[in-house]
Amino acid sequence: MNVPTDFQNLIKLLIIGDSSVGKSNFLFQFIENKLTDTHIAPIGFDFKSQKVTLPNSKQVVKLQIWDTAGQERFMSVNKNLFLRVQGMILMYDITNRETFEHISNWVENIKEICSSIPIVLVGNKCDMDELRIVTEEEGREIAKKYNMSFFEASGKTGINVKEAFYEISEQIIKGVQRKRMNTVSLMAKT
């Protein structure tokens with residue numbers, strides 16, 4: 001039995017990165033369109049969902065978004081989630097060089113488990129430019145190195161929060177459409 005839906009695609013996303021880069025506030029800003037002062041960081045992971053209309057494809061999609069704890073001890077939980085999602089937002093804090101230096105490790109872990117998943121890199125806390133340690137150019141360079149889209153954003157003010165979610169969602173939609181076209185093409189040849 002088909003259950004009617006009011007969205008065209010279900011997209012499963014994961015937000016990852018070191019602890020304290022602002023993943024939870026980033027997600028809350030996207031869902032509630034405001035900063036929360038009372039949010040407690042997840043122990044393991046948290047889950048939210050949101051329906052949106054994507055600006056480029058004009059598709060209405062439902063996003064299921066997993067927010068992970070950044071601690072290494074939860075990496076086994078993250079690995080299980082890696083296999084269940086279609087795309088990831090990988091985040092670092094522009095005021096904390098160590099979180100930026102861990103990007104390569106995160107990408108290697110992701111690629112080891114799911115080699116062709118789309119990833120958007122986000123340098124969070126751009127509202128704190130006076131405390132910046134990681135330049136925007138450094139962010140762009142590492143994103144280019146790993147073939148990721150890149151945004152500097154702020155979970156506090158909302159700068160580029162929606163844009164990052166829209167970008168990863170549009171990439172996933174394009175990938176789904178390519179797979180469908182390839183399947184139709186293969187079926188037509190047989």
Side-chain angles (χ1 to χ4, degrees), residues 13-48 50 52 54-56 63 65-75 77-78 81-82 85 87-112 117-172:
L13 301 174
L14 183 62
I15 304 176
I16 58 171
D18 286 5
S19 295
S20 302
V21 297
K23 298 181 300 289
S24 298
N25 280 332
F26 189 81
L27 176 56
F28 194 80
Q29 178 66 248
F30 178 67
I31 299 295
E32 299 292 332
N33 205 27
K34 63 182 177 182
L35 179 67
T36 176
D37 294 327
T38 60
H39 185 76
I40 299 170
I43 298 176
F45 57 87
D46 192 12
F47 171 83
K48 302 278 186 226
Q50 179 81 7
V52 298
L54 298 176
N56 292 335
L63 303 180
I65 309 163
W66 296 89
D67 174 15
T68 64
Q71 295 92 341
E72 298 282 327
R73 68 177 183 239
F74 294 115
M75 198 58 193
V77 173
N78 290 348
L81 285 174
F82 284 7
V85 299
M88 296 186 197
I89 294 177
L90 174 56
M91 189 174 292
Y92 67 92
D93 174 352
I94 69 161
T95 70
N96 183 330
R97 177 148 307 270
E98 186 177 359
T99 66
F100 177 76
E101 290 171 353
H102 291 159
I103 293 299
S104 295
N105 294 336
W106 281 106
V107 172
E108 288 172 21
N109 285 326
I110 294 165
K111 297 296 183 186
E112 183 180 301
I117 195 165
I119 305 168
V120 168
L121 181 64
V122 172
N124 197 27
K125 303 184 183 179
C126 70
D127 58 289
M128 299 172 67
D129 198 53
E130 70 282 358
L131 300 175
R132 175 187 292 275
I133 294 173
V134 180
T135 67
E136 186 173 353
E137 184 58 32
E138 288 174 296
R140 288 192 188 288
E141 285 175 15
I142 199 163
K144 184 177 179 181
K145 175 181 177 181
Y146 291 112
N147 196 29
M148 299 181 285
S149 297
F150 173 73
F151 292 90
E152 281 202 343
S154 170
K156 181 177 182 181
T157 65
I159 296 169
N160 284 333
V161 171
K162 288 180 180 177
E163 291 79 358
F165 280 103
Y166 293 161
E167 174 64 23
I168 191 68
S169 300
E170 295 278 10
Q171 287 182 29
I172 292 166

Next on the checklist: Here's a test for you: under side-chain contact (heavy atoms from CB on, under 4.5 Å), which of Asn160, Val21, Ile65, Val161 qualifies with Phe26?
Outcome noted: Val161
Item to check | Shortest non-hydrogen contact between Met88 and Val85, atoms and distance | outcome: CE-CG2, 4.1 Å
Checklist outcome for this item: For residues 128-137, the salt bridge (Lys or Arg N to Asp or Glu O under 4.0 Å) pairs (sequence neighbours left out) are Asp129-Arg132, Arg132-Glu152, Glu136-Arg140
Checklist entry - Just by distance, do the side chain of Glu170 and the backbone of Asn56 share a donor-acceptor pair under 3.5 Å? => result yes
Next on the checklist: Would you say that Asn124 contacts Thr99 through its side chain, given a criterion of any heavy-atom pair below 4.5 Å between the two side chains?
Outcome noted: no
Item to check | Set of residues satisfying ring-ring contact (aromatic ring centres under 6.0 Å, His included) with respect to Phe30, sequence neighbours excluded | outcome: Phe165
Next on the checklist: Are the side chains of Thr135 and Glu141 in contact, using a 4.5 Å heavy-atom criterion?
Outcome noted: no
Next on the checklist: Side chains of Lys162 and Val52, heavy atoms from C-beta outward: is any pair under 4.5 Å?
Outcome noted: no
Item to check | Spacing of CD1 belonging to Ile117 relative to CD1 belonging to Ile168, to within rounding of 0.5 Å | outcome: 7.5 Å
Checklist entry - Where is the tightest heavy-atom contact between Ile172 and Leu13, given as atom of each residue plus distance? => result CD1-CD2, 3.5 Å
Checklist entry - Looking at residues at least two apart in the chain, or sitting in another chain, which of them share a ring-ring contact (aromatic ring centres under 6.0 Å, His included) with Phe100? => result Tyr92
Checklist entry - Excluding sequence neighbours, so at least two apart, what forms salt bridge (charged side-chain N to carboxylate O under 4.0 Å, His left out) with Glu98? => result none
Next on the checklist: Do Lys145 and Val107 make a side-chain contact, defined as non-hydrogen atoms from C-beta onward lying under 4.5 Å apart?
Outcome noted: no
Next on the checklist: I'd like to know if the side chain of Lys23 and the backbone of Met91 have a donor-acceptor N/O pair within less than 3.5 Å.
Outcome noted: no
Checklist outcome for this item: By side chain to side chain donor-acceptor pair (under 3.5 Å), Asn105 pairs with (sequence neighbours left out) none
Item to check | Derivation of the side chain to side chain contact (heavy atoms under 4.5 Å, CB included) call for Asp67 and Lys48 | outcome: CA-CA 8 Å; Asp67 174 15; Lys48 302 278 186 226; over 6 Å; no
Checklist outcome for this item: Note: Ala164 and Val122 closest approach over all heavy atoms is CB-CG2, 4.0 Å
Checklist entry - What are the two closest non-hydrogen atoms of Ile133 and Glu138, and how far apart are they? => result O-OE1, 4.0 Å
Checklist entry - Where is the tightest heavy-atom contact between Pro118 and Gln171, given as atom of each residue plus distance? => result CB-OE1, 3.3 Å
Next on the checklist: Holding to side chain to side chain donor-acceptor pair (under 3.5 Å), I want the full list of residues that pass it with Thr95, two or more places apart in sequence or in another chain.
Outcome noted: Asp93
Checklist entry - Going through the distances and angles, do Asn96 and Asp18 end up as a side chain to side chain contact (heavy atoms under 4.5 Å, CB included)? => result CA-CA 10 Å; Asn96 183 330; Asp18 286 5; over 6 Å; no
Item to check | side chain to side chain donor-acceptor pair (under 3.5 Å) involving Ser169 - partner list, sequence neighbours excluded | outcome: none
Item to check | Ile16 vs Ile110, side chain to side chain contact (heavy atoms under 4.5 Å, CB included): CA-CA, chis, key distance, verdict | outcome: CA-CA 10 Å; Ile16 58 171; Ile110 294 165; 3.2 Å; yes
Item to check | ring pair (Phe, Tyr, Trp, His ring centres under 6.0 Å) pairs, two or more places apart, involving residues 117-154 | outcome: none
Checklist entry - Distance from Asp127 atom CG to Lys156 atom NZ, nearest 0.5 Å? => result 5.5 Å
Item to check | Student check: side-chain heavy atoms of Met128 and Ser154 closer than 4.5 Å | outcome: no
Checklist entry - Which residues satisfy the side-chain contact (heavy atoms from CB on, under 4.5 Å) test with Lys144, sequence neighbours excluded? => result none
Next on the checklist: Using every non-hydrogen atom in the two residues, find where Ser20 and Lys125 come nearest and quote the distance to one decimal.
Outcome noted: O-NZ, 2.9 Å
Item to check | Euclidean distance, Ile89 CD1 relative to Ile119 CD1, rounded to 0.5 Å | outcome: 11.5 Å
